[in-house]
Amino acid sequence: RIRVESYLSLKYGITLKNGTQDYISSDGSTIMWSTTTAWAYNKDIFGIGRDDNQELAQVQSKSINDESVITLQAVGEWTNITPSFVDISDKEFLTISNDGGTNTWTTSDSPSTYNIMNRTWKAQEIGDVWTITLDFDVANLDFDIPTLVSGSNYYFVYDSDNDSSLSDETPTAMTNTSGDLWSISGINIGHNQIFTLASEASSTPLLSVTKVHNDADNIVTTDQIVKYTVTIENAGANATGISLTDTIDTNFWNPYNFTYNNCGTPWQTFTAPTLSFSSINIPSVSSCVITYDLQVDAGATGGSIISNS
């Protein structure tokens with residue numbers, strides 16, 4: 001039964017059992033798509049491949065799910081109706097699934113001077129299907145890929161050295177084949193490699209600030225020490241001479257124990273209730289992280305922790 005369900009799921013781009021079931025070929029042993037290899041990449045499964053016993057001849061594929069934005073095509077293998085199978089042999093497969101990330105840009109794990117999509121895809125390859133073409137629909141109504149941060153081209157970036165990171169990769173410019181379709185062709189993605197879309201970073205700094213604390217119940221108690229982490233994310237060009245102010249709740253003593261990571265050599269001053277930072281420098285497409293401690297005033301009776309930015 002599993003072999004039949006796997007065949008139908010791969011043929012029609014159906015995500016079998018919400019990504020909790022291996023896809024098994026007709027021999028009962030070849031795994032076309034593995035839950036173990038996929039790990040968190042178990043959304044919108046689709047793929048190409050060949051299984052002669054089941055007459056599976058798949059050289060073009062797309063997930064039927066609403067948020068699917070990729071069409072996969074084996075280069076030089078014609079169509080599903082008349083596949084040529086120049087490079088794909090029996091029991092060879094290439095499947096793709098994603099991690100369910102959002103349709104937003106991020107600097108996390110991005111190559112220098114680029115932003116990448118928060119959604120990442122992973123390939124699983126059995127044998128060698130050789131080169132492929134990927135077409136991305138950037139205007140899917142259910143998963144609308146964001147407009148470019150800067151420049152006029154979407155870029156494709158994949159984990160060519162298979163180290164589970166994209167930050168050390170060089171994105172490749174894609175081709176706008178028609179309307180909202182952007183294509184990358186002639187690529188040979190290997191087993192367990194991840195990929196996504198990229199955009200050139202802005203030519204000016206693009207800053208956003210978040211602030212969190214380590215108190216789980218969000219309630220202060222006398223003499224309690226609370227650690228705050230302020231993250232300034234720069235999605236654009238180098239940012240220099242940045243200033244930031246923070247308001248300290250009156251339940252706390254003066255802030256202390258400051259640490260800075262990737263912030264240059266900033267200064268901090270405190271004139272209750274305002275904590276000020278100045279001379280912050282953040283390189284392009286990276287984040288500055290500031291931490292500091294606050295101790296609850298011995299005379300405080302307790303109250304909600306204030307966590308504003």
Side-chain angles (χ1 to χ4, degrees), residues 37-41 43 69-70 72 94 96-125 131-138 143-177 180-210 231-240 242 260-264 280-289:
T37 301
W39 186 52
Y41 293 81
K43 313 292 192 302
V69 296
I70 301 176
L72 165 63
L94 177 70
I96 293 174
S97 50
N98 70 70
D99 61 0
T102 60
N103 57 337
T104 54
W105 298 116
T106 180
T107 61
S108 177
D109 196 39
S110 64
S112 177
T113 72
Y114 289 89
N115 295 166
I116 61 173
M117 281 278 293
N118 266 306
R119 175 164 297 187
T120 307
W121 289 263
K122 177 184 279 192
Q124 296 189 38
E125 187 175 38
T131 57
I132 60 171
T133 295
L134 296 175
D135 291 319
F136 287 79
D137 178 4
V138 300
F143 192 79
D144 189 14
I145 292 173
T147 56
L148 295 165
V149 177
S150 184
S152 57
N153 268 85
Y154 284 96
Y155 288 79
F156 178 81
V157 57
Y158 78 105
D159 182 21
S160 63
D161 55 4
N162 217 2
D163 65 352
S164 300
S165 174
L166 298 176
S167 62
D168 58 349
E169 302 295 342
T170 301
T172 301
M174 302 176 71
T175 301
N176 185 201
T177 52
D180 296 311
L181 291 180
W182 287 79
S183 177
I184 184 76
S185 188
I187 55 174
N188 192 350
I189 298 178
H191 184 65
N192 208 31
Q193 290 181 323
I194 58 174
F195 64 89
T196 191
L197 293 179
S199 169
E200 295 174 45
S202 174
S203 57
T204 59
L206 292 175
L207 304 178
S208 59
V209 181
T210 58
T231 302
I232 311 172
E233 183 173 318
N234 179 18
N238 292 340
T240 59
I242 303 301
Y260 299 95
N261 182 32
N262 200 40
C263 305
I280 298 172
N281 298 327
I282 312 173
S284 172
V285 194
S286 63
S287 297
C288 156
V289 179

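- Counting all heavy atoms, side chain and backbone alike, Asn162 lies closest to Gln193 at OD1-CG, 3.6 Å.
- Aromatic pair Trp182/Phe136: ring centres not closer than 6.0 Å.
- In this structure the side chain of Tyr154 reaches within 4.5 angstrom of the side chain of Val138, judged on heavy atoms.
- Inter-residue side-chain proximity for Ile242 and Asn281 is flagged as unmet; no heavy-atom pair is nearer than 4.5 Å.
- Note that CD1 of Ile187 and OG1 of Thr172 are 8.5 Å apart. Values are rounded to the nearest 0.5 Å.
- Trp105 places no side-chain N or O within 3.5 Å of a backbone atom of Ala198 that could act as its donor or acceptor partner.
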For this session: Please step through side chain to side chain donor-acceptor pair (under 3.5 Å) for the pair Thr104 and Asn118, ending with a clear verdict.
Result: CA-CA 6 Å; Thr104 54; Asn118 266 306; 2.6 Å; yes
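- Annotation: the span from Asn261 atom CG to Thr231 atom OG1 amounts to 9.5 Å, rounded to 0.5 Å.
- Under the 4.5 Å side-chain criterion, counting only non-hydrogen atoms from C-beta, Ile145 is not in contact with Arg119.
- The line from CG of Leu181 to CG of Leu134 is 12.5 Å long, rounded to the nearest 0.5 Å.
- Between Thr133 and Ser183, the shortest heavy-atom distance links the atoms CG2-OG, 3.5 Å.
- Residues satisfying the ring pair (Phe, Tyr, Trp, His ring centres under 6.0 Å) test with Tyr41, not counting sequence neighbours, are none.
- Side-chain contact between Leu72 and Leu94: present, with at least one pair of heavy atoms (C-beta onward) separated by less than 4.5 Å.
- Scanning both residues, Ala173 and Asn153, for their nearest heavy atoms gives CB-ND2, 4.2 Å.
- In this structure, CD1 on Ile189 lies 4.0 Å from CZ on Phe156, to the nearest 0.5 angstrom.
- Atom CG of Asn238 sits about 11.5 Å away from atom OG of Ser203, to the nearest 0.5 Å.
- A distance of 11.0 Å separates OG in Ser284 from OH in Tyr114, rounded to the nearest 0.5 Å.
- Counting all heavy atoms, side chain and backbone alike, His191 lies closest to Glu125 at ND1-N, 3.0 Å.
- Side-chain contact between Pro171 and Pro111 is present, with heavy atoms from C-beta onward closer than 4.5 Å.
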Problem set entry | side-chain contact (heavy atoms from CB on, under 4.5 Å) between Asn188 and Ile132, worked out | CA-CA 6 Å; Asn188 192 350; Ile132 60 171; over 6 Å; no
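- Checking side-chain atoms of Asn234 against main-chain N and O of Pro283 turns up a donor-acceptor pair under 3.5 Å.
- Shortest non-hydrogen contact noted between Ile116 and Leu166 is CD1-CD1, 4.2 Å.
- Residues Thr106 and Ser108 bring no donor and acceptor atom of their side chains to less than 3.5 Å of each other.
- No hydrogens or angles considered: nothing links the side chains of Ser110 and Asn115 as a donor-acceptor pair under 3.5 Å.
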For this session: List the steps and the verdict of side chain to side chain donor-acceptor pair (under 3.5 Å) for Asn262 and Ser286.
Result: CA-CA 8 Å; Asn262 200 40; Ser286 63; 3.2 Å; yes
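- In this structure a side-chain-to-backbone donor-acceptor pair under 3.5 Å is present from Ser199 to Val149.
- Looking only at atom types and distance, the side chain of Glu200 has a donor-acceptor partner in the side chain of Tyr155 under 3.5 Å away.
- Inter-residue side-chain proximity for Cys263 and Val289 is flagged as unmet; no heavy-atom pair is nearer than 4.5 Å.
- In this structure, Asp137 contributes its side chain and Ile70 its backbone to no donor-acceptor pair below 3.5 Å.
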For this session: Before giving the answer on side chain to side chain donor-acceptor pair (under 3.5 Å), spell out for Thr175 and Thr177 the whole-Å C-alpha distance, their side-chain angles and the decisive distance to 0.1 Å.
Result: CA-CA 6 Å; Thr175 301; Thr177 52; over 6 Å; no
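- You'll find the side chain of Thr196 reaches within 4.5 Å of the side chain of Trp121, heavy atoms only.
- Proximity of a side-chain donor or acceptor of Lys122 to a complementary backbone N or O of Asp99 within less than 3.5 Å is not detected.
- In plain terms, the two heavy atoms of Ser165 and Asp159 that are nearest each other are O-OD1, 3.2 Å.
- Within the 4.5 Å cutoff, the side chain of Ser97 has no heavy atoms near those of the Lys43 side chain.
- Checking side-chain atoms of Asn98 against main-chain N and O of Thr120 turns up no donor-acceptor pair under 3.5 Å.
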